[in-house]
There are 2 protein chains.
Amino acid sequence: MSPRVNSAAIRRLNVIRVFHALRENPNASQAELGRLTGLDKATTSAVVTQLLDDGLVERTEGPRARRIGRPETALAIAPSAGLLVGARLEPRTIRIVTTTLAGTVLEHVQIPGSTDIGTAADLLHEGIDRAVAASGEGLPVRGVGVGIPALMDREGRLVLAPNLGWRDTPIRARLEAALGAPVYIDNDTKAAAMAERLFGVCRDVEDFVYLTGHSGVGGGLFLGGRLYRGAQGFAGEVGHVTVVPDGRPCGCGKRGCLETYVSESAILAQAAERGRDLPDLGAVTAAARDGDAVVIALLDEVGERLGIALSHMVNLMNPALAVLGGNLSVAADVFLPALNRALERHALEPLRRDLRLVVSPLGPDAVPMGGIALAMEGFLSAPMPVEELLRR
Amino acid sequence: MSPRVNSAAIRRLNVIRVFHALRENPNASQAELGRLTGLDKATTSAVVTQLLDDGLVERTEGPRARRIGRPETALAIAPSAGLLVGARLEPRTIRIVTTTLAGTVLEHVQIPGSTDIGTAADLLHEGIDRAVAASGEGLPVRGVGVGIPALMDREGRLVLAPNLGWRDTPIRARLEAALGAPVYIDNDTKAAAMAERLFGVCRDVEDFVYLTGHSGVGGGLFLGGRLYRGAQGFAGEVGHVTVVPDGRPCGCGKRGCLETYVSESAILAQAAERGRDLPDLGAVTAAARDGDAVVIALLDEVGERLGIALSHMVNLMNPALAVLGGNLSVAADVFLPALNRALERHALEPLRRDLRLVVSPLGPDAVPMGGIALAMEGFLSAPMPVEELLRR
DNA sequence: GTCTTTTTGATAGACCGTCTAACTAAAGAC
DNA sequence: GTCTTTAGTTAGACGGTCTATCAAAAAGAC
């Protein structure tokens with residue numbers, strides 16, 4: 001049965017619109033919010049009044065434009081309205097960020113993780129408590145968002161992490177019980193794509209793909225103005241797209257997967273095979289910049305293979321933008337020419353012509369900020385997702 | 001600026017829900033429609049009253065369930081409410097279908113096409129006039145939907161058809177001026193996917209991919225309950241996904257595209273290269289069934305290559321269902337084993353495990369019925385109130 | 001300094017939705 | 001004939017957005 005659509009649903013939708021407009025434009029006036037959202041000024045007034053009453057928005061001493069007419073009163077998301085928590089959960093490290101409801105970062109915490117998923121969840125719980133304590137004096141936690149390098153289903157169960165040995169854990173339920181706050185949890189790359197959309201380089205882009213490298217290689221699809229999760233929640237597994245038939249064996253049991261060539265560990269392994277023992281991707285990139293022909297050739301191959309996979313995405317999904325994040329941004333400038341050559345060879349010209357290719361500006365906080373994005377969306381559309389319906 | 005959301009928008013949404021529920025369940029009662037759509041019975045009553053007043057719905061002599069209580073009054077989409085026209089426009093043949101607003105087929109027309117896009121458009125215009133004249137006595141045409149084997153942008157301009165030499169033609173505007181009815185026009189495979197969703201095998205599926213072979217190979221993506229068009233409208237170009245590095249040259253200028261191996265002409269060409277001169281795909285399939293090892297090996301390769309491309313789609317989009325249509329359904333049973341082997345080798349296990357693979361039941365009318373689907377959706381969600389539309 | 005102009009923001013009232021609750025209608029059950 | 005049950009209608013409550021109007025507050029004209 002589909003959710004009911006009534007006046008309350010409309011209001012909720014318009015509250016979300018105004019909230020995001022104000023988040024993107026701090027110190028905006030009511031009149032400006034009306035222009036930004038397309039809402040009537042009477043409606044805007046009603047919505048803003050509600051947000052003020054709810055304590056989510058407050059009047060500020062914004063800089064006044066010295067203009068003719070009655071001066072506007074500046075508004076902003078109230079820092080006292082509560083906290084959001086975002087986290088990246090990985091076996092080696094757990095990274096936690098707390099922000100205001102507007103997404104302004106308050107605290108960073110980084111702690112060691114655990115290869116045991118249960119222990120890792122406990123550590124995350126402790127870390128969040130610590131980060132929240134450091135952030136506010138009695139501020140309520142409005143939502144916790146977590147990104148995990150694993151196949152996550154739509155109910156927040158960890159289904160499988162091929163490289164980590166994690167499987168079948170109802171981690172969302174577990175954390176929600178422990179934390180006593182709403183928990184939103186998803187694949188780390190999907191979370192990062194959301195961060196790119198809300199805080200990064202894709203704010204006005206309705207259709208983009210996000211590619212990231214870390215232990216593996218992940219893809220996040222933002223299609224038609226929504227994060228696309230797929231039937232089971234597993235969409236975007238670009239790391240396991242075959243780029244070399246019968247190629248290198250992968251942790252997933254197949255062969256020739258993209259991530260057996262372009263993940264950090266894969267690049268280091270290939271470098272070692274060619275007689276270059278390097279500690280990390282930074283060293284690899286440095287060697288390439290120093291003119292080491294073997295390493296340059298290797299990164300050329302990396303770019304080419306990434307380009308093949310991206311070409312598939314371009315041909316299939318016709319995105320307006322492709323974002324390279326995670327480790328991929330470290331070496332991006334070195335392999336970009338090869339990647340572009342691969343695009344020219346494999347992507348259909350009219351689709352490639354208007355494709356923009358950018359490096360993520362979010363750095364190592366992309367995934368935790370993705371958690372913030374998930375929590376923010378979850379908090380705002382908590383009761384009922386009308387947006388979905390109205391987009392059809 | 002986003003579209004305004006007000007009470008009228010809610011009503012429009014609920015009208016659409018009720019309409020589709022009634023289309024899928026002819027002779028349903030108001031009470032049943034309320035249960036199907038989740039709407040309150042008062043709301044259902046209001047919506048049905050409006051639809052009756054507008055003449056879109058009529059009371060029928062449906063079979064009455066002999067049950068306790070007041071008997072229901074059966075409803076149905078009124079055949080007198082108008083016509084929809086669907087068409088497939090190709091250089092060789094133009095196929096036209098007319099239906100009621102409910103999608104019940106009234107007339108089929110098939111006429112020769114033209115390799116000149118302008119001439120083809122004129123022929124389509126004439127053919128539609130003929131089909132409409134044969135269908136109804138003064139029934140208004142509520143919408144015309146057309147599927148074309150070309151890259152179509154979101155405004156209904158034909159951008160490029162690599163194989164046909166067609167490019168840059170504002171065909172939607174042209175037809176709309178000529179026909180005097182709203183025209184909805186899209187890539188043929190996208191249209192066929194819509195047909196599959198409204199009339200075919202995907203009625204309850206929110207996430208599926210549609211693969212079809214004709215002159216080329218096309219893909220239609222239905223993601224998250226919507227037809228996905230991509231940033232420019234070009235999404236789904238699976239025919240130009242590279243499946244063989246440096247493989248056979250393609251009309252698009254690249255090499256190794258899927259459609260250079262699995263389109264009908266490509267299969268015939270490959271058969272000829274191997275000493276089997278066969279007239280069409282039916283003959284190829286027959287030869288394979290008769291045990292011709294060369295042809296069997298060829299179709300195995302076809303299945304394998306299709307499987308590689310489908311694996312990319314599965315890994316990237318995690319669909320619940322993949323539909324094979326067009327020519328692909330002719331030989332499907334022969335190459336299906338090879339296709340499944342390719343899926344096992346290239347698609348991630350948790351994504352493949354729950355994937356259903358089916359052959360389209362719509363046959364050669366898939367694209368024209370897709371036109372019907374486009375026209376129906378267009379008519380229902382036209383920005384104007386339905387009443388206004390009916391006055392045209 | 002005063003008046004006019006301009007813009008912001010609030011508010012009343014029209015209008016249009018859905019939903020609750022009460023009602024009427026029409027059949028079978030007894 | 002009366003009761004029970006289900007279908008469908010309708011009045012009224014409630015809550016949205018939108019139009020129109022008004023008060024407030026500043027700059028500019030004089």
Side-chain angles (χ1 to χ4, degrees), chain A residues 1-18 22 25 27-53 57-60 62-75 383-384 386 389-390, chain B residues 1-18 22 25 27-53 57-60 62-75 384-388:
Chain A
M1 202 77 65
S2 21
R4 294 202 165 179
V5 179
N6 49 24
S7 342
I10 297 188
R11 166 54 62 93
R12 203 152 42 233
L13 180 62
N14 285 334
V15 164
I16 292 174
R17 285 181 172 175
V18 169
L22 185 54
N25 304 80
N27 294 319
S29 67
Q30 246 183 66
E32 204 170 332
L33 291 175
R35 285 188 291 267
L36 288 166
T37 58
L39 297 176
D40 189 88
K41 66 176 180 169
T43 307
T44 312
S45 174
V47 169
V48 167
T49 303
Q50 178 183 324
L51 286 167
L52 286 167
D53 289 350
V57 163
E58 63 185 19
R59 289 185 238 267
T60 63
R64 300 193 165 181
R66 295 179 58 254
R67 224 184 323 101
I68 202 172
R70 172 173 166 175
E72 73 271 16
T73 55
L75 301 167
M384 201 202 300
V386 189
L389 272 169
L390 294 169
Chain B
M1 203 77 64
S2 21
R4 291 203 167 180
V5 179
N6 50 22
S7 343
I10 297 188
R11 168 53 64 93
R12 202 153 45 231
L13 183 63
N14 285 334
V15 164
I16 292 174
R17 282 180 172 179
V18 169
L22 186 53
N25 303 80
N27 294 318
S29 67
Q30 246 183 65
E32 204 169 331
L33 291 175
R35 286 188 291 269
L36 287 166
T37 58
L39 296 176
D40 189 88
K41 66 176 181 169
T43 307
T44 313
S45 175
V47 169
V48 167
T49 303
Q50 177 183 327
L51 286 168
L52 285 167
D53 289 349
V57 163
E58 65 185 17
R59 288 184 239 268
T60 64
R64 299 193 166 180
R66 295 179 59 253
R67 225 183 322 101
I68 203 174
R70 171 174 168 176
E72 73 272 17
T73 56
L75 301 169
M384 272 181 289
V386 181
E387 212 175 317
E388 291 298 309

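Protein chains get the first letters and strands the later ones, always in sequence-line order, with residue 1 at the start of each. Remember, it's a predicted structure, so these values are computed and weren't measured experimentally.
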Exercise. Is any side-chain N or O of B/Arg70 under 3.5 Å from a base N or O of C/dA27, one able to act as donor and the other as acceptor?
Worked result: no
For this session: Can you tell me the distance, in whole Å, between the CZ atom of A/Arg11 and the P atom of C/dG17?
Result: 18 Å
For this session: Name the residue closer to the 5' end of DNA chain C, choosing between A/Gln30 and A/Ser7 according to the nucleotide with the nearest heavy atom.
Result: A/Gln30
For this session: Please report, rounded to the nearest Å, how far the C1' atom of C/dT18 is from the CD atom of B/Gln50.
Result: 14 Å
Problem set entry | Short side-chain N/O contact from B/Ser45 to OP1 or OP2 of D/dG8, under 4.0 Å | no
Problem set entry | Atom pair distance, as rounded to whole Å: CG in B/Leu75 and P in D/dT9 | 9 Å
Exercise. Contact class for B/Asn6 (heavy atom, under 4.0 Å): base, sugar-phosphate, or nothing?
Worked result: sugar-phosphate
Exercise. When the distance from CG of A/Leu13 to P of D/dG15 is rounded to whole Å, what number comes out?
Worked result: 19 Å
For this session: Assign A/Ala42 to base, sugar-phosphate, or nothing according to its heavy-atom contacts below 4.0 angstrom with the strands shown.
Result: base
Exercise. Base, sugar-phosphate alone, or nothing: which one does A/Thr49 contact when heavy atoms must sit under 4.0 Å apart?
Worked result: nothing
Exercise. Looking across every strand, which nucleic acid part, if any, lies under 4.0 Å from A/Thr73 by heavy atom: base, sugar-phosphate, or nothing?
Worked result: sugar-phosphate
For this session: Could you tell me the separation between the CZ atom of B/Arg67 and the P atom of C/dA27, rounded to a whole number of Å?
Result: 13 Å
Exercise. Would you say B/Asn6's side chain and B/Ala9's backbone share a donor-acceptor pair under 3.5 angstrom?
Worked result: yes
For this session: For residues B/Glu58 and B/Leu52, report the shortest heavy-atom separation together with the two atoms involved.
Result: CA-CD2, 3.8 Å
For this session: Examine C/dC19: is either OP1 or OP2 under 4.0 Å from a nitrogen or oxygen in the side chain of B/Thr43? Give yes or no.
Result: yes
Seminar exercise, completed: Rounded to whole Å, the NZ-P distance (A/Lys41 to D/dT17) equals 16 Å
For this session: Check the distance between C/dG28's P and B/Glu72's CD and give it to me in whole angstrom.
Result: 12 Å
For this session: Please answer whether the main-chain N or O of A/Leu33 pairs with a side-chain N or O of A/Thr37 as donor and acceptor at a distance below 3.5 Å.
Result: yes
For this session: Report yes if a side-chain nitrogen or oxygen of A/Arg59 is closer than 4.0 Å to either non-bridging phosphate oxygen (OP1 or OP2) of C/dT8; otherwise report no.
Result: no
Exercise. Of all heavy-atom pairs between A/Gln30 and A/Thr44, which one has the smallest distance, and what is that distance?
Worked result: O-CG2, 3.5 Å
For this session: Let me know, please, whether A/Ile68 or A/Asn14 comes out on the 5' side of the other along DNA chain D by nearest nucleotide.
Result: A/Asn14
Exercise. How long is the gap from CD1 on B/Ile16 to CG on B/Asn14, to the nearest 0.5 Å?
Worked result: 9.5 Å
Exercise. Please give, in whole Å, the distance from C/dC15 P to A/Ile10 CD1?
Worked result: 18 Å
For this session: Tell me what B/Ser29 touches on the nucleic acid: a base, only sugar-phosphate, or nothing, going by heavy atoms under 4.0 Å.
Result: sugar-phosphate
